[in-house]
Amino acid sequence: MRIEFNGNKVYKIIGVIAMEKTIKQLIEDLNNDDEFVQEEALGLLEFRSEESLDPLIEVLSTKGTNKNIKMSSAKLLGIIGDEKAIDPLIATLKDNNKLVRREASTALSRMGDKAVDPLIAILDDDDWRVRGAAAWALGKIGDKNAIGPLKSLLDDDSGFVRTGAKFALDNIEE
């Protein structure tokens, strides 16, 4: 097959490749040893976002899922930006893996305004990792409605939470 660098032809070729693999196969490719295969899978899952949304959400809640697949799924859900992913991403903030939690927090920050209220709601979670991740995400979003709740975290027992709250407040009040 010959690939020309004409936008339309490349788009059509990508569309054909995207249809050759199932969503499940593409999700499995997120853990491939070859970074090119991983990047291709990310792009194709984003390209087929409507079809991949529910399987990506399911991956986040499935115990035993590889961390690379969870991280990539969270990243894609943030890019896709569907509100349906907010609650599963918030639940992922309790994941045992720090990198998975970080990617979920970043994905939530990409959701923008629609994630603000759910993030504010978890600022009083028992888990310091959840409170801290929510504070960092709110700081990246920059919504002024979070100022009051974030100020209450400045005296938190966790240094991670305090630092996240300070970062968020500094970012919002700029």
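As a basis for the values below, the full set of heavy atoms in this structure was taken, side chains included, without hydrogen atoms, waters or symmetry mates.
- Using a 4.5 Å cut-off on side-chain heavy atoms (C-beta onward), Glu83 and Ile86 make contact.
- Nearest heavy-atom pair across Leu93 and Ala104 is CD2-CB, 3.9 Å.
- Every residue two or more places apart in sequence or in another chain that forms a salt bridge (charged side-chain N to carboxylate O under 4.0 Å, His left out) with Asp54 is listed here: Lys84.
- Considering CZ of Arg101 and CG of Asn96, their distance stands at 7.5 Å, rounded to 0.5 Å.
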Side-chain atoms of residues 118-125: list all donor-acceptor pairs with protein atoms under 3.5 Å, sequence neighbours left out, distances to 0.1 Å.
from	atom 1	to	atom 2	distance (Å)
Asp125	OD1	Lys94	NZ	3.2
Asp125	OD1	Asp127	N	2.8
Asp125	OD2	Lys94	NZ	3.4

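- Under the 3.5 Å distance criterion, the side-chain polar atoms of Ser73 are left unmatched by any main-chain donor or acceptor of Val59.
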Checklist entry - Is there a side chain to side chain contact (heavy atoms under 4.5 Å, CB included) between Asp117 and Asn145 once you walk through the steps? => result CA-CA 9 Å; Asp117 289 338; Asn145 291 322; 5.7 Å; no
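- Hydrophobic clustering keeps Val100 apart from Leu30 (ILVMFWY residues linked when any side-chain heavy atoms are closer than 4.5 Å, directly or through intermediates).
- Under a 3.5 Å cut-off, the side chain of Gln38 and the backbone N or O of Asn32 do form a donor-acceptor pair.
- For Lys166, the NZ atom is loosely surrounded, since the number of other residues' heavy atoms within 6.0 Å does not exceed 12.
- Judged by distance alone, the side chain of Thr65 and the main-chain N or O of Thr62 form a donor-acceptor pair under 3.5 Å.
- A donor-acceptor pair is defined here as one N or O able to donate and one able to accept, closer than 3.5 Å; no such pair exists between the side chain of Ser72 and the backbone of Ile69.
- When all heavy atoms are compared, the tightest approach of Asp82 to Met111 is O-CE, 3.5 Å.
- Around the CD atom of Glu35, the shell of radius 6.0 Å holds no more than 12 heavy atoms that belong to other residues, nucleotides or ligands.
- When atom types are taken as modelled, the side chain of Arg131 and the backbone of Asp126 share a donor-acceptor pair closer than 3.5 angstrom.
- Within the model, atoms CD of Glu40 and NZ of Lys21 stand 6.0 Å from one another, a figure rounded to the nearest 0.5 Å.
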Item to check | Stepwise side chain to side chain contact (heavy atoms under 4.5 Å, CB included) check, Leu42 with Leu76 | outcome: CA-CA 7 Å; Leu42 280 168; Leu76 281 164; 3.6 Å; yes
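- To the nearest 0.5 Å, atom CD1 of residue Ile57 and atom CG of residue Leu89 are 7.5 Å apart.
- No single ILVMFWY cluster, assembled from side-chain heavy atoms under 4.5 Å apart, contains both Ile90 and Ile79.
- When all heavy atoms of Leu99 and Met71 are compared, the pair lying nearest together is CB-SD, 3.6 Å.
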Checklist entry - Yes or no on side chain to side chain contact (heavy atoms under 4.5 Å, CB included) for Leu77 and Leu53, after CA distance, side-chain angles and deciding distance? => result CA-CA 7 Å; Leu77 290 169; Leu53 179 66; 3.6 Å; yes
Next on the checklist: Please determine whether side chain to side chain contact (heavy atoms under 4.5 Å, CB included) holds for the pair Arg102 and Trp136, giving the CA-CA distance in whole Å, both sets of side-chain angles, and the decisive distance to 0.1 Å.
Outcome noted: CA-CA 9 Å; Arg102 185 180 301 157; Trp136 285 95; over 6 Å; no
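- If you take CG on Leu138 and CD1 on Ile147, they are separated by 11.0 Å, rounding to the nearest 0.5 Å.
- Nearest heavy-atom pair, Arg48 versus Glu51, reported as atom, atom and distance to 0.1 Å: NH2-OE2, 2.9 Å.
- Across all non-hydrogen atoms, the minimal contact from Ser105 to Ala133 is OG-O, 3.0 Å.
- No path of Ile, Leu, Val, Met, Phe, Trp and Tyr side chains, each step under 4.5 Å between heavy atoms, connects Val37 with Leu44, placing them in separate hydrophobic clusters.
- Atoms CG and CG, from Leu150 and Asp143 in turn, are 10.0 Å apart once rounded to the nearest 0.5 Å.
- Ile80 has its side chain within reach of Leu56: a pair of non-hydrogen atoms, C-beta onward, lies under 4.5 Å apart.
- Between Lys70 and the options Asn31, Asp95, Thr92, a side-chain hydrogen bond (donor to acceptor under 3.5 Å, both in side chains) holds for only Asp95.
- Taking CG from Leu154 and CG from Leu169, the interatomic distance works out to 5.5 Å, rounded to the nearest 0.5 Å.
- Counting only heavy atoms from C-beta outward, the side chains of Ser52 and Leu26 never approach each other to under 4.5 Å.
- A salt bridge is absent between Arg162 and Asp157; no separation between the charged side-chain nitrogens and carboxylate oxygens falls under 4.0 Å.
- Here the closest heavy-atom approach between residue Val161 and residue Trp128 is recorded as CG2-O, 3.2 Å.
- Other residues, nucleotides and ligands contribute at most 12 non-hydrogen atoms within 6.0 Å of the NZ atom of Lys24.
- Residue-environment remark: CD (Glu58) stays at or below the threshold of 12 foreign heavy atoms within 6.0 Å.
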